Amino acid sequence: MSQQIKNIVIVGGGSAGWMTAAYLSEALDKNVQISLVESSNITTIGVGEATFSTIKLFFDFLGLQEHEWMPKCNASYKTAIKFNNWNAQRQHFYHPFQRYETVNGFDIAEWWLKMKRGEEPFDYSCFLIPMLCDNKKSPRYLDGTVFDDKVKDLISREFLPEKNVLADLKVQYPYAYHFDANLLARFLKDYSKQRGVKHIVDHVQDVNLVENGSIDSIVTKEHGNISGDLFIDCTGFRGLLINQALGEPFNYFSESLLCDRAIAMQIPTDIKNDGINPFTAATALSSGWVWNIPLYGRDGTGYVYCSAFLTEEEAEKEFRQHLGLAAENCKAKHIKIRVGRTRNSWVKNCVAIGLASGFVEPLESTGIFFIQHGIEELVNHFPDKTFDEGLMKSYNQNIARCIDGVRDFLTLHYCANDRADTPFWKATKHEIKVPEELSEKLQLWKTRLPNSKNIYPYYHGFDSYSYSVMLLGLNYIPENSLPALNHIDEQDAIAAFNAIKEKAHHLSATLPSQYEYLTYVIKSQEQSEYLREDNLADSLVGV
């Protein structure tokens with residue numbers, strides 16, 4: 001009993017800190033005190049506002065339904081990423097949260113190569129979501145029903161799923177979320193404090209170590225020494241505990257991913273007239289790309305670029321030209337981004353989660369996903385005070401493999417596209433280091449599309465269909481279709497393509513717009529809160 005972890009100290013707030021506090025307060029509800037120490041002087045990065053569809057598991061675990069948290073975080077739905085200008089023809093394509101249908105044992109994308117190549121875009125032929133994105137549709141009807149029949153029983157407004165984790169997810173949820181990261185942190189702070197998490201606002205001045213190199217305590221300006229059994233580093237790119245105090249090195253990915261700067265901006269929008277796009281946009285510019293994340297009331301946007309090709313002033317000028325009049329009175333925030341991962345995210349009695357652990361470009365919205373994955377793996381490997389080396393090694397291996405897999409997937413975005421019109425885009429073809437395993441797979445993918453057996457073998461959040469989507473959209477397309485398809489009747493494939501098109505048209509005609517749905521939820525929630533307050537007032541009068 002004396003060996004149990006009884007005191008957890010989380011250093012740093014923001015999305016990483018408060019997601020960790022909220023999750024651990026729910027997962028470890030006995031015999032443990034959780035404290036979160038954050039400085040009032042440090043602002044959060046706030047660029048991680050788009051997510052994976054797996055984030056729903058996080059909210060499910062906390063027992064939170066969408067109508068409880070989404071309105072408070074200006075949240076919206078995300079059903080895809082729209083890539084603009086990533087190929088030589090400047091044609092857009094969608095990377096949706098939707099797996100391929102299978103026809104006679106083969107992904108429908110393989111049938112597209114044989115039957116529809118050159119006739120119509122692969123994403124509109126093989127998925128429902130692109131047409132829904134074009135029409136700014138919500139993934140839910142006003143009664144809360146989700147458009148995707150495969151997950152209706154898992155995602156209904158009334159039904160709260162079991163506390164599953166990433167490894168349990170066998171289906172593809174059809175949407176993720178956009179949200180204001182600062183508002184989410186505030187919401188989770190309230191959630192955590194209600195569950196007994198101690199919130200300490202103070203500045204960390206030093207870190208005290210014991211003889212074996214573990215952390216004994218952090219030294220704060222106003223509260224003195226704060227001791228703990230387990231310390232969680234959520235201090236962002238600073239890596240205050242893991243990198244600075246414990247000296248764990250950071251492995252940079254700059255040989256493969258060139259972008260090392262970002263400019264972030266918040267843009268006001270007229271959602272009543274313009275609607276709300278249900279997708280994140282990633283638009284390629286001269287030396288990187290721009291994200292656009294539509295929230296309920298504003299857009300979060302930013303330019304991720306390589307400083308070897310643009311100065312800060314040049315980047316901001318190009319960014320503002322891209323945004324036009326909408327950005328005229330908006331303040332730009334310049335950020336140096338640290339792309340790579342800490343060699344080991346768990347060292348001694350310290351675990352790094354979030355940016356302190358690792359970060360790649362936000363090209364596929366992996367920032368929040370890395371936080372969620374790190375938290376879940378920590379619970380799965382939760383230690384006692386002996387800090388078993390085997391547990392720590394397993395944790396570090398899982399985290400490293402996940403981040404490295406995402407690095408490879410993002411590298412594919414650059415080396416496989418056929419755009420080479422500026423020095424930056426030429427460099428992505430000739431000067432970056434393509435990881436050896438990825439290089440071998442790219443040779444294979446010249447003859448056939450990726451499948452579950454020939455992509456990165458360890459868990460990193462992406463299915464084989466994501467690889468196919470990117471390769472096809474980037475014009476890295478096999479020259480020939482699979483020979484086996486020449487020996488199979490095409491009628492089932494024809495029927496599958498027709499069914500996708502018919503259902504896409506039906507859903508586009510019947511689903512509400514994203515603006516309409518979210519406004520309905522917000523007004524319903526306001527009405528519900530008003531009635532609760534009214535009933536409370538009546539009961540008090542009765543007393």
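The model shown is predicted, which means the values in this text are computed figures rather than measured ones. Any value given below was found using the heavy atoms of this structure, including those in side chains, with hydrogens, waters and symmetry copies removed.
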Name the orientation class of the two ring planes belonging to W18 and H199 (parallel below 30°, tilted from 30 to 60°, perpendicular beyond 60°).
perpendicular

Ring geometry between Y467 and F409 (parallel below 30°, tilted from 30 to 60°, perpendicular above 60°):
tilted

Between atom [atom1] of [X] and atom [atom2] of [Y], what is the distance when rounded to the nearest 0.5 Å?
{"X": "Y177", "Y": "I368", "atom1": "OH", "atom2": "CD1", "answer": "13.5 Å"}
{"X": "L378", "Y": "T20", "atom1": "CG", "atom2": "OG1", "answer": "8.0 Å"}
{"X": "Y173", "Y": "D60", "atom1": "OH", "atom2": "CG", "answer": "5.5 Å"}

Backbone N or O of [Y] within a donor-acceptor pair of the [X] side chain at under 3.5 Å?
{"X": "N349", "Y": "I215", "answer": "yes"}
{"X": "D388", "Y": "L391", "answer": "yes"}
{"X": "T220", "Y": "G224", "answer": "yes"}
{"X": "N417", "Y": "Y414", "answer": "yes"}
{"X": "T79", "Y": "P278", "answer": "yes"}
{"X": "N451", "Y": "N454", "answer": "yes"}
{"X": "S256", "Y": "T411", "answer": "no"}
{"X": "E376", "Y": "L166", "answer": "yes"}
{"X": "D107", "Y": "Y100", "answer": "no"}
{"X": "N396", "Y": "M392", "answer": "yes"}

Sequence neighbours left out, what passes salt bridge (charged side-chain N to carboxylate O under 4.0 Å, His left out) with [X]? Give chain and number order.
{"X": "D463", "answer": "R99"}
{"X": "D229", "answer": "K385"}
{"X": "R186", "answer": "none"}

Among residues two or more places apart or on two chains, list those pairs meeting ring-ring contact (aromatic ring centres under 6.0 Å, His included) that have a residue in residues 383-408.
W346-Y395, H381-Y395

Can you list the steps and then say if N243 with T342 is a side chain to side chain donor-acceptor pair (under 3.5 Å)?
CA-CA 8 Å; N243 303 127; T342 295; 3.3 Å; yes

Can a cation-pi geometry be assigned to R140 and Y77, taking NZ or CZ under 6.0 Å from the six-membered ring centre and within 45° of the ring axis?
no

Does NZ or CZ of K72 lie under 6.0 Å from the centre of the six-membered ring of F187, at an angle within 45° of the ring axis?
no

Could I get the full list of side chain to side chain contact (heavy atoms under 4.5 Å, CB included) partners for [X], not counting sequence neighbours?
{"X": "N212", "answer": "V210, S214"}
{"X": "R343", "answer": "E248, P249, N251"}
{"X": "N292", "answer": "A281, P294, D299, T301"}
{"X": "A27", "answer": "Y23, F61, V379"}

Do the side-chain N and O atoms of [X] and [Y] include a donor-acceptor pair separated by under 3.5 angstrom?
{"X": "S217", "Y": "N208", "value": "yes"}
{"X": "S227", "Y": "N7", "value": "no"}
{"X": "Q397", "Y": "Y458", "value": "no"}
{"X": "E68", "Y": "Y191", "value": "no"}
{"X": "Q3", "Y": "T386", "value": "no"}

S254 versus D260: any side-chain heavy-atom pair under 4.5 Å?
no

Taking the side chain as every heavy atom from C-beta outward, state whether Y175 and D148 have any atom pair closer than 4.5 Å.
no

Start with the C-alpha gap between V521 and Y296, add the side-chain angles, then the distance that decides, and say whether side chain to side chain contact (heavy atoms under 4.5 Å, CB included) holds.
CA-CA 12 Å; V521 170; Y296 194 90; over 6 Å; no

For a quick test of reading the model, state the closest non-hydrogen atom pair linking [X] to [Y] and the distance between them.
{"X": "L36", "Y": "G13", "answer": "CD2-CA, 4.1 Å"}
{"X": "L518", "Y": "A75", "answer": "CD1-O, 3.7 Å"}
{"X": "A416", "Y": "Y476", "answer": "O-CB, 3.6 Å"}
{"X": "P450", "Y": "S468", "answer": "CD-OG, 3.3 Å"}
{"X": "G300", "Y": "E49", "answer": "CA-OE1, 3.8 Å"}
{"X": "I10", "Y": "C234", "answer": "CG2-SG, 3.9 Å"}

For T280, which of E364, K82, H95, H178 qualifies under side chain to side chain donor-acceptor pair (under 3.5 Å)?
H178

Let me have the donor-acceptor pairs involving side chains of residues 431-443, under 3.5 Å, with sequence neighbours excluded, atom names and distances please.
none

Quick one: side-chain hydrogen bond (donor to acceptor under 3.5 Å, both in side chains) partners of S452, sequence neighbours excluded?
none

Could you please spell out the steps behind the side chain to side chain contact (heavy atoms under 4.5 Å, CB included) verdict for I55 and Q372?
CA-CA 7 Å; I55 189 63; Q372 181 184 5; 3.9 Å; yes

Centroid separation under 6.0 Å, is that true for the rings of [Y] and [X]?
{"X": "Y303", "Y": "Y305", "result": "yes"}
{"X": "F369", "Y": "F58", "result": "no"}
{"X": "Y94", "Y": "F279", "result": "yes"}

Whether D190 and K193 form a salt bridge (side-chain N of Lys/Arg under 4.0 Å from carboxylate O of Asp/Glu) is what I want to check.
no

Atom CD of residue position Q244 - does it have more than 12 heavy atoms of other residues, nucleotides or ligands inside 6.0 Å?
yes

Taking distance alone, no hydrogens or angles, what donor-acceptor pairs closer than 3.5 Å link side-chain atoms of residues 398-408 to residues at least two apart or in another chain?
| from | atom 1 | to | atom 2 | distance (Å) |
| --- | --- | --- | --- | --- |
| N398 | ND2 | E377 | OE1 | 3.0 |
| D404 | OD1 | R341 | NE | 2.8 |
| D404 | OD2 | R341 | NH2 | 3.1 |

Scan residues 10-19 for pairs that pass salt bridge (Lys or Arg N to Asp or Glu O under 4.0 Å), counting only residues two or more places apart or in two chains.
none

Decide side chain to side chain contact (heavy atoms under 4.5 Å, CB included) for L355 and F370; before the verdict, give the C-alpha distance in whole Å, the side-chain angles of both, and the deciding distance to 0.1 Å.
CA-CA 9 Å; L355 300 180; F370 284 156; over 6 Å; no

Walk me through whether L169 and N164 qualify under side chain to side chain contact (heavy atoms under 4.5 Å, CB included).
CA-CA 7 Å; L169 190 61; N164 294 321; over 6 Å; no

